[in-house]
Amino acid sequence: MPMFLRIDRGRKKKRKMPQKLQAKKNKMKANSSSGMAVHDECKLKFLDLKTKRKYRFIVFKIDEKIQQVMVEKVGGHDETYADFTASIPANECRYAVFDFDFTTDENCQKSKIYFIAWSPDTSKIRSKMLYASSKDRFKRELDGIQVELQATDPSEMSFDIIKARAL
């Protein structure tokens, strides 16, 4: 039986990816466990909350069609915790970041950034699984989280619990 060998006559040049496509690829880095990407706006808004203190809270939503975490709502610096809880839907999962200002027993003004994973019992199972599998990767993208809170019921993220976790 004759054996055929294929001989390459010259090397193929490796084509460079167009800069626009490379930027899009970097922007949409997917989460290895859930396939979820994090939109750059999420990181930029969080940076504004953390360093410039532009916002009091940010609510994030996973867009299942494009498999990406997006900013859903931003709360101005003058908004309250009640405004924050009112902006989270009662029957749908969300991620949220809240900048909590408080005064210590020594009368020092301090601030802590909370990461809240909201997953109500009434939400769809598929949605709960998607948010749970993407949470750690998303949280790592937001450098500067000080307190994490997992809530399935509004009572689990009441103002008293937030206050108690800060001290």
Side-chain angles (χ1 to χ4, degrees), residues 18-102 110-159 161-163 165-166:
Q19 199 170 19
K20 208 174 193 181
L21 266 171
Q22 184 64 43
K24 190 173 182 180
K25 183 180 175 188
N26 291 342
K27 186 177 179 181
M28 302 280 288
K29 251 185 210 171
N31 180 350
S32 58
S33 62
S34 69
M36 212 45 57
V38 178
H39 196 278
D40 284 344
E41 185 188 16
C42 297
K43 295 178 228 173
L44 293 172
K45 294 281 186 196
F46 178 74
L47 204 59
D48 285 345
L49 177 138
K50 183 174 90 170
T51 57
K52 299 176 186 172
R53 301 183 56 91
K54 270 183 159 179
Y55 311 113
R56 175 67 59 200
F57 65 86
I58 306 169
V59 178
F60 303 97
K61 175 184 182 176
I62 293 178
D63 188 335
E64 291 185 40
K65 290 178 184 166
I66 60 171
Q67 295 289 294
Q68 191 174 31
V69 181
M70 312 279 290
V71 173
E72 182 181 48
K73 183 170 185 195
V74 223
H77 192 68
D78 57 333
E79 295 199 39
T80 64
Y81 191 73
D83 297 327
F84 165 66
T85 53
S87 66
I88 295 177
N91 298 323
E92 294 178 32
C93 298
R94 293 290 187 271
Y95 298 128
V97 174
F98 184 79
D99 185 13
F100 179 62
D101 294 328
F102 63 99
K110 290 205 171 189
S111 172
K112 284 199 177 177
I113 298 174
Y114 282 76
F115 177 81
I116 301 168
W118 171 246
S119 183
D121 293 329
T122 54
S123 64
K124 297 176 183 171
I125 292 176
R126 175 179 162 75
S127 180
K128 285 186 205 180
M129 289 174 63
L130 189 60
Y131 275 81
S133 66
S134 303
K135 182 181 81 168
D136 289 334
R137 166 80 181 356
F138 179 62
K139 198 173 84 173
R140 268 185 266 128
E141 294 284 335
L142 308 178
D143 186 37
I145 301 286
Q146 295 161 314
V147 182
E148 181 184 343
L149 200 64
Q150 176 75 39
T152 58
D153 183 75
S155 65
E156 293 176 352
M157 59 180 226
S158 68
F159 186 74
I161 289 175
I162 296 290
K163 195 173 177 181
R165 296 279 303 266

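Every value quoted in this text rests on a predicted model; they were computed, and no experiment measured them.
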Open item on the list: Going by the rule side-chain contact (heavy atoms from CB on, under 4.5 Å), which residues pair with Asp153 if we only count those two or more places apart in sequence or in a different chain?
Closed with: Ser155, Glu156
TODO: Without swapping roles, check the side chain of Glu148 against the backbone of Phe115 for a donor-acceptor pair under 3.5 Å.
DONE: no
Task: Reported CD1-to-NZ distance for the pair Ile88 and Lys73, which is rounded to 0.5 angstrom - done: 10.0 Å
Open item on the list: Is it the case that the side chain of Lys50 and the backbone of Leu142 share a donor-acceptor pair, with hydrogens and angles ignored and the cut-off at 3.5 Å?
Closed with: no
- [ ] State whether the side chain of Trp118 and the backbone N or O of Glu92 hold a donor-acceptor pair below 3.5 Å, judged by distance alone.
- [x] yes
Open item on the list: Determine whether Phe98 and Arg56 satisfy the following criterion, side chain to side chain contact (heavy atoms under 4.5 Å, CB included), listing intermediate values before the conclusion.
Closed with: CA-CA 6 Å; Phe98 184 79; Arg56 175 67 59 200; 3.6 Å; yes
Open item on the list: Donor-acceptor check, side chain of Tyr114 to backbone of Ala96, threshold 3.5 angstrom: yes or no?
Closed with: no
- [ ] Output yes when a side-chain donor or acceptor of Ser134 lies under 3.5 Å from a complementary backbone atom of Tyr131, and no otherwise.
- [x] no
- [ ] Return yes if some donor-acceptor pair links the side-chain N/O of Ser123 with the main-chain N/O of Ser119 below 3.5 Å, else return no.
- [x] no
Side-chain donor-acceptor contacts of residues 57-64 below 3.5 Å, not counting sequence neighbours, with atom names and distances?
from  : atom 1 : to     : atom 2 : distance (Å)
Asp63 : OD1    : Lys65  : N      : 3.1
Glu64 : OE1    : Arg126 : NE     : 3.2

TODO: For the pair Glu141 (side chain) and Phe138 (backbone), establish whether a donor and an acceptor sit closer than 3.5 Å, ignoring hydrogens and angles.
DONE: no
Open item on the list: For Val97 versus Phe84, what's the shortest heavy-atom pair and its separation?
Closed with: O-CE1, 4.5 Å
Open item on the list: Quick check: do Lys112 and Ile162 have side-chain heavy atoms less than 4.5 Å from each other?
Closed with: no
Task: Closest contact, heavy atoms only, Cys42 versus Val38 - done: CB-CG1, 4.0 Å
- [ ] Locate the shortest heavy-atom distance separating Arg53 from Ser111; write the atom from each residue and the value.
- [x] NH1-OG, 3.1 Å
Open item on the list: Holding to side-chain contact (heavy atoms from CB on, under 4.5 Å), I want the full list of residues that pass it with Phe159, two or more places apart in sequence or in another chain.
Closed with: Tyr81, Phe100, Lys163
Task: His39 side chain to Gln68 backbone, donor-acceptor under 3.5 Å - done: no
- [ ] Check Lys128 against Pro120 and note the closest heavy-atom contact, atom names and distance.
- [x] CE-O, 3.2 Å
- [ ] Determine, step by step, whether Met36 and Arg137 satisfy the side chain to side chain contact (heavy atoms under 4.5 Å, CB included) criterion, reporting the C-alpha distance in whole Å, the side-chain angles of both residues, the deciding distance to 0.1 Å, and the verdict.
- [x] CA-CA 9 Å; Met36 212 45 57; Arg137 166 80 181 356; over 6 Å; no
Open item on the list: Please determine whether the number of non-hydrogen atoms from other residues, nucleotides or ligands lying under 6.0 Å from atom CE of Met129 exceeds 12.
Closed with: no
Open item on the list: Using side chain to side chain contact (heavy atoms under 4.5 Å, CB included), reason through Asp143 and Lys43 one step at a time and then give a plain yes or no.
Closed with: CA-CA 9 Å; Asp143 186 37; Lys43 295 178 228 173; over 6 Å; no
Open item on the list: Tell me which one of Gln150, Arg94, Met157 satisfies side chain to side chain contact (heavy atoms under 4.5 Å, CB included) with Ile116.
Closed with: Met157
- [ ] Give a yes or no answer on whether the side chain of Lys54 reaches the backbone of Asp48 with a donor-acceptor pair at less than 3.5 Å.
- [x] no
TODO: List the atom of Tyr95, the atom of Leu130, and the distance in Å for their closest heavy-atom pair.
DONE: OH-O, 4.3 Å
- [ ] Hey, could you give me the CG/NZ distance between Leu47 and Lys52, rounded to the nearest 0.5 Å?
- [x] 7.5 Å
